[in-house]
Amino acid sequence: MPRSSRFADDRGSASLEFLTVGLLLLVPIVYLVLTMASIQAAAFAVEGAARQAARVFVQAPDLPSAKASAARALEFALADHGITEKAKLTITCKPAACLTRRAFVTVSVDLRAALPLVPPVLVGDFPLSVPLHATATGQVSRFWGSR
């Protein structure tokens with residue numbers, strides 16, 4: 001029994017299959033690239049913020065201006081990378097007095113980088129952001145008190 005040539009002909013189906021499979025693969029790959037770029041930018045921002053906050057903290061003349069300078073450095077570093085989320089800044093000193101000669105100041109920055117294209121109303125038992133943490137340590141100059 002001969003089959004109808006109209007239904008047995010495969011001409012033109014390869015392009016349709018290519019478009020279908022291409023779109024099914026392209027959308028997740030594009031989202032993966034966007035997500036990785038967003039997380040990488042946030043990681044660079046957090047690391048740069050911690051390093052710069054430690055640098056300006058140990059160079060400040062007094063403790064209130066040191067804390068203000070570190071907070072400002074954090075804001076600038078996040079803004080430079082287009083990060084709008086709020087970060088947590090933690091400053092610890094060893095020994096307990098922060099701005100003494102040869103004291104070590106450790107600055108920690110914690111940030112939760114939101115995943116791109118995720119609506120804020122989406123709530124569930126799955127992560128909607130990636131936690132990032134960076135730490136930098138700076139030493140107060142041994143000539144600090146002689147300014």
Side-chain angles (χ1 to χ4, degrees), residues 8-147:
D9 191 14
D10 280 341
R11 283 184 292 166
S13 65
S15 61
L16 182 63
E17 292 170 1
F18 177 75
L19 287 174
T20 304
V21 172
L23 283 178
L24 288 176
L25 292 176
L26 186 65
V27 171
I29 289 173
V30 168
Y31 184 73
L32 178 67
V33 168
L34 288 174
T35 302
M36 295 307 290
S38 173
I39 292 170
Q40 188 69 33
F44 282 147
V46 168
E47 194 273 330
R51 186 178 54 227
Q52 190 62 26
R55 285 179 184 165
V56 298
F57 191 94
V58 299
Q59 294 176 357
D62 57 358
L63 195 57
S65 65
K67 289 182 179 180
S69 296
R72 198 167 39 249
L74 172 68
E75 291 173 12
F76 278 124
L78 295 180
D80 282 346
H81 287 79
I83 307 298
T84 58
E85 291 88 8
K86 294 291 181 187
K88 179 184 173 193
L89 180 68
T90 307
I91 300 170
T92 57
C93 302
K94 185 177 178 184
C98 285
L99 293 178
T100 58
R101 293 179 185 191
R102 293 191 175 183
F104 288 98
V105 177
T106 301
V107 176
S108 298
V109 178
D110 294 300
L111 175 75
R112 295 196 65 86
L115 296 176
L117 305 175
V118 175
V121 295
L122 188 63
V123 178
D125 201 17
F126 43 86
L128 298 177
S129 61
V130 176
L132 298 169
H133 175 79
T135 303
T137 301
Q139 185 177 19
V140 179
S141 172
R142 63 182 177 174
F143 303 115
W144 184 80
S146 62
R147 292 183 192 183

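The two atoms that bring Ala113 and Leu132 nearest to each other are CB-CD1, 4.0 Å, heavy atoms only. A pairwise comparison of heavy atoms in Val105 and Cys98 identifies CG2-O, 3.9 Å as the closest pair. Minimum heavy-atom separation, Ala54 to Gly138: CB-N, 4.1 Å. Closest approach of Ala53 to Leu89, counting heavy atoms only: CB-CD1, 4.4 Å. The two residues Leu111 and Ala42 come nearest to each other via the heavy atoms CD2-CB, 4.1 Å. Across all non-hydrogen atoms, the minimal contact from Arg102 to Arg142 is NH2-CD, 3.2 Å.
Rounded to the nearest 0.5 Å, atoms CZ (Phe57) and OG1 (Thr106) are 10.5 Å apart. Atom CG in Leu99 sits 11.5 Å away from atom OG in Ser141 (nearest 0.5 Å). Put simply, OG on Ser65 and CD on Gln59 are 11.5 Å apart, with the number rounded to the nearest 0.5 Å. One finds the CG atom of Leu24 at 11.0 Å from the CD1 atom of Ile29 (value rounded to the nearest 0.5 Å).
For residues 73-88, no pair satisfies side chain to side chain donor-acceptor pair (under 3.5 Å), with sequence neighbours left out. Among residue pairs with one or both ends in residues 35-49, those qualifying as salt bridge (charged side-chain N to carboxylate O under 4.0 Å, His left out) are Glu47-Arg51; sequence neighbours excluded.
Inter-residue side-chain proximity for Phe104 and Val58 is flagged as unmet; no heavy-atom pair is nearer than 4.5 Å. Phe143 is not listed as a side-chain neighbour of Arg101, based on a closest heavy-atom distance of 4.5 Å or more.
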Listed pairs under 3.5 Å, donor-acceptor, residues 30-37 side chains, sequence neighbours left out:
from: Tyr31; atom 1: OH; to: Pro116; atom 2: O; distance (Å): 3.0
from: Thr35; atom 1: OG1; to: Tyr31; atom 2: O; distance (Å): 2.8

List the steps, then state whether side-chain contact (heavy atoms from CB on, under 4.5 Å) holds for Val140 with Thr100.
-> CA-CA 7 Å; Val140 179; Thr100 58; over 6 Å; no
